[in-house]
Amino acid sequence: MTALQRIVEALLFLSPEPVSTAELAEACESTEAEIDRAIDALEPTLDGRGVVLRQVAGGWTLAAHPDAEAAARRLLAKPRTPPLTQAQAETLAIVAYLQPVSRPEIARIRGVSSESAVQTLTERGLIEESGRSRFGAVIHRTTPLFERLFGLAGLDALPDPARFDPSPEDERELRERLLKAGEQRAE
Amino acid sequence: MTALQRIVEALLFLSPEPVSTAELAEACESTEAEIDRAIDALEPTLDGRGVVLRQVAGGWTLAAHPDAEAAARRLLAKPRTPPLTQAQAETLAIVAYLQPVSRPEIARIRGVSSESAVQTLTERGLIEESGRSRFGAVIHRTTPLFERLFGLAGLDALPDPARFDPSPEDERELRERLLKAGEQRAE
Amino acid sequence: MRAAELDLDLDVFAGPFDLLMTVVLREEIALAEVELGEIVLAYLEHVEEQGDLDLEAATEFLVLIASLLELKSRLLLPAPEEERLELAPQEAAEELLARMLEYRRYRGAAEHLHRLFVDGRRYLYRSAPLPPELRRVALDAAKPSYQPDRLASAIGDLLRVPPAPDTTHIRPTVSLERRLTVLRELLSRRARLDFDEAFGTEDRLTQAVTLFALLEMHKRGEATWNQKQTFGPIEITTPTTSSASRPVSSGSGASGGDSADSR
């Protein structure tokens with residue numbers, strides 16, 4: 001297996017979404033023709049393995065072999081619900097109340113980068129990416145699983161935070177107030 | 001590749017977290033001994049590929065080959081995680097070896113309040129609060145993410161800390177220099 | 001020797017032990033020549049500049065450096081011939097050594113973790129949601145497990161802004177120069193002072209720095225003090241008021257200042 005094939009395989013493995021030939025070429029600093037050849041060579045080496053190469057609308061992607069479905073269901077098709085850490089609860093609350101919300105916004109409100117909380121919440125299926133903002137930042141929203149795990153009939157059923165509000169007299173919009181408080185915390 | 005090897009590979013591909021041998025055995029409806037053999041057989045087939053098998057955080061997981069790191073960071077727009085400062089590394093070492101450990105104990109050993117290091121490590125998901133000590137101080141422990149990111153099969157994979165003690169010669173020198181105070185006073 | 005002359009790059013030290021070990025291990029410097037007070041202040045200022053200082057941290061540091069100070073004070077103060085109740089210098093050194101060695105162990109462990117980290121971050125893991133069919137099953141199996149109020153209270157936490165930290169109590173009190181001036185002024189007006197009477201109402205940091213200042217004055221022959229028993233009152237005198245040959249005595253209380261008073 002050539003170095004390029006190895007890197008292409010690694011990129012397809014890591015990417016949660018299909019990757020186009022052009023994107024692969026850019027990431028690998030090679031040409032699309034070289035990527036095409038690498039993929040052609042990669043495909044037969046996956047034959048009979050647990051992971052299969054698929055070409056879908058957006059490009060190339062790896063998927064688990066269908067033979068593993070029953071075992072995957074036994075292992076993974078149950079929600080994991082360990083207690084939320086404070087960082088996770090805050091991040092989830094920001095996404096729930098402000099959605100859609102971008103990752104930089106979450107960081108500004110919390111006053112600290114929240115990468116690991118976002119990643120864990122995504123892996124547990126409580127939040128998901130829902131495209132990109134005008135400025136190219138990933139934006140997030142909650143999932144149906146989130147509503148189910150919190151016993152919410154819908155997002156309208158989120159409790160009013162007024163009961164926990166330290167300055168209820170402030171009448172600005174919640175997003176604006178959270179961003180302002182975050183900036184003051186970060187100072 | 002046997003059907004079991006294929007399914008194990010597929011499960012490791014799908015699972016967002018390391019999977020223990022016992023969990024794999026349950027999902028595959030096989031014995032742990034069979035899983036062990038399947039893993040042993042799987043490992044060499046990944047040789048030279050873009051994906052590697054790692055034993056971390058009490059289980060097995062797949063990771064992208066380090067050769068693909070630069071291209072992957074370009075593709076996923078994922079910046080390199082910032083390095084640990086010395087204060088953070090020391091704090092993490094104390095938590096890793098002495099957990100569960102309270103903040104005053106960390107401060108006692110480091111000789112300086114370690115608030116901001118504790119906070120940053122918590123933010124990065126490497127340590128977490130695990131309740132309170134008898135005296136009401138918050139106590140901390142490391143997370144599975146710590147073991148995963150540091151490539152540790154488990155906490156017992158940490159080397160004996162006595163290994164880091166200074167050599168008898170260094171210790172003697174330190175003692176002698178401290179004792180010079182006593183000798184000089186005779187003058 | 002002042003802290004500046006030691007040429008210490010305070011940025012490279014992760015904590016006081018790190019700093020102290022370096023100072024103690026510097027070949028060319030005898031402990032007696034090092035201005036510990038200078039180092040304390042330089043260190044505290046440095047920590048404060050980094051925005052990391054709270055009073056607790058300052059106290060921690062002082063408690064720590066006290067062990068080293070104890071050693072050093074034995075250089076500066078004449079040794080009493082008779083029995084001493086406190087730790088022998090050797091014991092004090094052993095105690096400090098034990099703490100330094102404990103710290104050294106975790107500093108070594110930290111280096112090891114750092115290497116693991118550098119190696120580990122080259123491996124990237126897949127972080128992808130489950131495929132849709134598995135997600136559907138997970139959704140069907142999901143039961144309410146979390147309290148919605150947890151989210152509302154997290155929003156409350158995020159709306160809360162901590163009060164600006166009050167640092168007025170830190171800086172003005174820890175100037176060694178200032179404590180020296182205060183002591184000199186008091187001693188120019190009165191030949192003897194009771195430490196508790198003069199400084200008992202000050203905060204701990206000020207008291208500690210005042211003690212450093214006293215050590216400094218003793219070294220320069222400007223003042224001395226007398227403490228008859230452990231934790232007893234500390235009486236500060238200027239050399240002119242005490243019998244010059246025995247500036248300090250912990251055992252024989254009738255000499256020095258007391259006898260001068262009774263004359």
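Being a predicted model, the structure only gives us computed values, none of them experimental. Values below: every heavy atom of this structure, side chains too, minus hydrogens, waters and symmetry copies. A, B, ... follow the sequence lines: proteins, then strands. Residue 1 opens every chain.
A pairwise comparison of heavy atoms in B:L62 and B:E9 identifies CD1-O, 4.0 Å as the closest pair. The minimum heavy-atom distance between B:P82 and C:F117, with the atom names listed, is O-CZ, 3.6 Å.
When heavy atoms are compared at a cutoff of 4.5 Å, C:L113 approaches chain B by way of both its backbone and its side chain. For B:A162, the parts sitting under 4.5 Å from any heavy atom of chain C are the backbone and the side chain alike. Using a 4.5 Å cut-off between heavy atoms, B:R148 contacts chain C through both its backbone and its side chain. For B:L98, the part lying near chain C is the side chain, with the backbone staying farther off; criterion is any non-hydrogen pair under 4.5 Å. At a 4.5 Å heavy-atom cutoff, B:V51 makes no contact with chain C through either its backbone or its side chain.
Applying the ring-ring contact (aromatic ring centres under 6.0 Å, His included) test to pairs two or more places apart or on separate chains, those with a residue in residues 152-172 of chain B are B:F164-C:H112.
Separation of atoms OG (B:S114) and CZ (B:R108) is listed at 12.0 Å; rounding is to 0.5 Å. Note: C:R107 CZ to C:M100 CE = 10.5 Å, rounded to the nearest 0.5 Å.
Per-residue heavy-atom pair counts under 4.5 Å with chain B were compared for C:G108, C:G120, C:A128, and the maximum is reached by C:G108. Note: B:F13 leads B:F146, B:Y97, B:F13 in heavy-atom pairs under 4.5 Å with chain C.
One side chain, B:Q86 or B:E90, offers a donor N or O that lies under 3.5 Å from an acceptor on the other.
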